[in-house]
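All values below were derived from every heavy atom in this structure, side-chain atoms included, with hydrogens, water molecules and symmetry-related copies excluded.
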Amino acid sequence: FSENLKNYFEKYGILEIEILFKKLTQNLMFNVYEISDDFDVFVAFETMNNRGKKLSNLELLKNRLIYLSTLYDENELKLDERFSLREKINDAWKEVYYQLGRNKKNPLNDDDFLVAHWIMYFQYTREKGDDYIRFLLEQKFTPQNIYSKTEVKVSSLKRFNEIRETEENDQEETEEIENNEVVEMRSKLSPKEIEDYVNSLMSASVHWYNTHNPKNNPDLTDEESLWIDRLNRIGIIYFRPLVTVSFISKGVDTKQRVELFKSIERFIFITFRLSRAFSTYRNSEFYRASRQLRKNELTIENITQSLQERMSYCFFTPENSEENFFDYTYFQKFIDKKFKNGGGFYSWNGLRYFLYEYEMEKVRNRGSQKIDWKLFVKGEADKISIEHIYPQTPNHKCWKNSFKGYKKNEINFFQGTLGNLLPLSQSINSSLQNDCFLDKKNPKYNEKKEKIRQGYSDGSHSEIEVATFEEWNPESILERGINLISFMEKRWNIKFENEASKAELLFLEFMYINEKK
């Protein structure tokens, strides 16, 4: 308010401030609602706030839980316990709102968090839309579940002690009390259930924030931070609840968590980015696993084994062999369609993640990071581009000489294959992308001797590697493509049957055959 008033004063002067003050102190009108004793204030709150700008589901849920705390009988929730529960609800919501808004540049969505927590805490269903909030407000946390009583067996000794605590005269007992079970009528929804749910919500919010903001996060180990960052970059899809639960579940240590993150990342890359599974593939199973892990019904080892088993269709074992090889036919069909649309590997939605991981492998070995992921995935205008080394419009004579004798469709494969695509550490003018390879390797200057583009030789590690080639021709493209596929084998623990299969996936099998000849 003070900041806006200051801006208002600087823009309009003191007279407008005086007018604003007069409106605020004299011109505001209020509706006063007097709520009688037989009408619940919390019900009024929900009803009135359904008009105009609606309350968020998180706000409605808080109000509902506080309301429910007022409905218990005195023998089930004493007055001091009622105040204590209300404080716990308020404290939990303070923490949840703090965590969701902790990163000012990227505040987290209320509903996304509530849905994820519902998946972790309650039984997941395949229903769509607002089923989670309908479950919470219409099935679970309802007045009916408090008014509805159920038989509960209570220790008679515990019951006796409760009665003694309420008596003013503490008389010495001479008879020994037998500890038998007594049946009492208690609310279907107990205060303990509300308290447990609220505590879980508060705890989960901390780890929910951490999964969205892993970099430079002191709450995470370096390995945890590295792998969660990878999951965010590749697209964590439906695994965030499971990742969050891994921090909540008792008995799960850092080493086990990292193994889980590695397994999830490999599953996403192989199943979704390579083998083109639908985005909902096995989501119900791993949503359920979140809850089962929280309740100690599953172990990390169980989940990683399931992830491995659900990828079995991505591999095959040839006759008379004991080795498993990657079945790249799904991926090849996908890339084939992209080539027919003129893009090839350039249109693959896993390309940026793959090339970035290749670059970061070089960084780990040599140091000096030169590509920032945030810039790498920005909008078209200012993003760090992926360049076709052999350009899409090869007008210069140098390119025509290097690729002489190849058919038009083969030229198309050279341009769009994996080995011809290079992430640049800086955006460059599109007119420079058609330069000859020798010119691309070295910095380029204008007439004023101002650098208008840097060369591959002083760019990213991937660029420097390409700059080691003396010329860029079909053989260079095949060699680099094979090197990239070999990195894929090592990084994601998959194996191709032979080099010919790698060339086939690169759509350069005709080059491999020619080389063998």
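R240 places no side-chain N or O within 3.5 Å of a backbone atom of I236 that could act as its donor or acceptor partner. The backbone N or O of F331 sits nowhere less than 3.5 Å from a side-chain atom of R276 that would complete a donor-acceptor pair. When atom types are taken as modelled, the side chain of E193 and the backbone of S190 share a donor-acceptor pair closer than 3.5 angstrom. S321 places no side-chain N or O within 3.5 Å of a backbone atom of P318 that could act as its donor or acceptor partner. Checking side-chain atoms of E59 against main-chain N and O of S56 turns up a donor-acceptor pair under 3.5 Å. No donor-acceptor distance shorter than 3.5 angstrom exists from the side chain of E359 to the backbone of P423, with no hydrogens or angles considered. Although no hydrogens or angles enter the test, the distance criterion places a donor-acceptor pair under 3.5 Å between the side chain of T271 and the main chain of F267. Not one N or O on the side chain of D327 forms a donor-acceptor pair closer than 3.5 Å with the backbone of C314. Remark: the backbone N or O of E387 is not paired with any side-chain donor or acceptor of S385 at under 3.5 angstrom. Y287 contributes no side-chain N or O that, together with a main-chain N or O of M120, makes up a donor-acceptor pair within less than 3.5 Å.
Annotation: cation-pi geometry not satisfied between R233 and Y353 (NZ/CZ under 6.0 angstrom from ring centroid, within 45° of ring axis). For the pair R102 and Y209, the cation sits on the ring face: its NZ or CZ lies under 6.0 Å from the ring centre, inside 45° of the axis.
A salt bridge links K149 and D73; the closest N-O separation between the charged side-chain nitrogens and carboxylate oxygens is under 4.0 Å. One finds a salt bridge joining E265 and R491 here, because a Lys/Arg side-chain nitrogen approaches an Asp/Glu carboxylate oxygen to under 4.0 Å. We find that E361 and R366 are not joined by a salt bridge, their nearest charged nitrogen and carboxylate oxygen being 4.0 Å or further apart. Residues R282 and E285 are paired through a salt bridge, judged by an N-O separation under 4.0 Å between the basic side chain and the carboxylate. Salt bridge R257/D253: absent, no basic N to carboxylate O contact under 4.0 Å. A salt bridge does not link K255 with E223: none of the charged nitrogens is closer than 4.0 Å to a carboxylate oxygen. We find that K502 and E489 are joined by a salt bridge, their nearest charged nitrogen and carboxylate oxygen being less than 4.0 Å apart.
Across all non-hydrogen atoms, the minimal contact from Q139 to N145 is O-ND2, 2.7 Å. Heavy atoms only, all atoms of each residue included: Q256 and I300 are closest at O-CG2, 3.5 Å. Of all the heavy atoms in I194 and I89, the pair that sits closest is CG2-CD1, 4.4 Å. Here the shortest heavy-atom pairing between N57 and D111 reads ND2-OD1, 3.1 Å. Between S460 and I371 the shortest heavy-atom distance is CB-CD1, 3.8 Å. Contact between V363 and H461 at its shortest, heavy atoms only, is CG2-CD2, 3.6 Å.
More than 12 heavy atoms of other residues, nucleotides or ligands sit less than 6.0 Å from atom CD of E309. Under a cut-off of 6.0 angstrom, the local environment of CZ in R86 is sparse, with at most 12 non-hydrogen atoms contributed by other residues, nucleotides or ligands. The environment of CZ in F83 is sparse: at most 12 heavy-atom neighbours from other residues, nucleotides or ligands sit within 6.0 Å. The 12-atom threshold is not exceeded at CG of N216, counting heavy atoms of other residues, nucleotides or ligands nearer than 6.0 Å.
For the pair F354 and L484, the minimum side-chain heavy-atom distance is below 4.5 Å. Taking the side chain as every heavy atom from C-beta outward, Y356 and M360 approach each other to under 4.5 Å. At least one side-chain heavy atom of Y97 sits under 4.5 Å from a side-chain heavy atom of W93. The closest side-chain heavy-atom distance from F122 to K140 is below 4.5 Å. Contact of the P143 side chain with the Y147 side chain is registered, since non-hydrogen atoms from C-beta on lie closer than 4.5 Å. Contact annotation: the side chain of L422 never approaches that of L355 to less than 4.5 Å [non-hydrogen atoms, C-beta and beyond]. Side-chain atoms of F261 and L231, non-hydrogen and from C-beta on, do get closer than 4.5 Å to each other. Contact of the W348 side chain with the L274 side chain is registered, since non-hydrogen atoms from C-beta on lie closer than 4.5 Å.
For R273, there are no salt bridge (charged side-chain N to carboxylate O under 4.0 Å, His left out) partners at least two apart in sequence or on another chain.
Aromatic pair Y121/Y197: centroids less than 6.0 angstrom apart.
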- Could you walk me through whether L220 and T254 pass side-chain contact (heavy atoms from CB on, under 4.5 Å), step by step? CA-CA 9 Å; L220 303 173; T254 295; over 6 Å; no

- Do T299 and L293 pass the side-chain contact (heavy atoms from CB on, under 4.5 Å) test, and can you show the C-alpha distance, the side-chain angles, and the key distance before you say yes or no? CA-CA 6 Å; T299 64; L293 180 62; 5.8 Å; no

- Message: S263 vs Q308, test: side chain to side chain donor-acceptor pair (under 3.5 Å). Steps then yes/no.
- Response: CA-CA 8 Å; S263 297; Q308 179 65 34; over 6 Å; no

- Task: Could you go through the ring pair (Phe, Tyr, Trp, His ring centres under 6.0 Å) check for F272 and F278 one step at a time?
- Result: CA-CA 7 Å; F272 296 107; F278 288 119; 9.9 Å; no

- Task: Please report the C-alpha distance between D336 and F507 in whole Å, then the side-chain angles of each, then the deciding distance to 0.1 Å, and finally whether the side-chain contact (heavy atoms from CB on, under 4.5 Å) criterion is met.
- Result: CA-CA 8 Å; D336 186 41; F507 289 80; 3.8 Å; yes

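Relative ring orientation between F339 and F345 is described as perpendicular, the plane-to-plane angle rising above 60° on a 0-90° scale split at 30° and 60°. The aromatic rings of F316 and F325 lie tilted to each other, with the angle between the two planes from 30° to 60°. The aromatic rings of W118 and Y132 are tilted relative to each other, their planes meeting at an angle between 30° and 60°.
To the nearest 0.5 Å, atom CH2 of residue W373 and atom CZ of residue R230 are 12.0 Å apart. Taking CG of L60 as the reference point, atom CG of L137 lies at 6.5 Å (rounded to 0.5 Å). Put simply, OH on Y346 and CG on L351 are 8.5 Å apart, with the number rounded to the nearest 0.5 Å. Going from atom CZ of F247 over to atom CG of D219 covers 9.0 Å, rounded to the nearest 0.5 Å. Interatomic distance, CG of L298 versus CG of N296, reported as 10.0 Å (0.5 Å rounding). To the nearest 0.5 Å, the span separating CG on L260 from OG1 on T304 amounts to 7.5 Å.
Inspection of the N283 and T280 side chains reveals no N or O donor paired with an N or O acceptor under 3.5 Å. No hydrogens or angles considered: nothing links the side chains of E465 and S462 as a donor-acceptor pair under 3.5 Å. Between the side chains of S225 and N217, not a single donor N or O lies within less than 3.5 Å of an accepting N or O.
Exactly one residue among E95, E81, E195 makes a salt bridge (Lys or Arg N to Asp or Glu O under 4.0 Å) with K88. That residue is E195.
Sorted by first and then second residue, the ring-ring contact (aromatic ring centres under 6.0 Å, His included) pairs with a member in residues 212-232 read W208-H212; sequence neighbours excluded.
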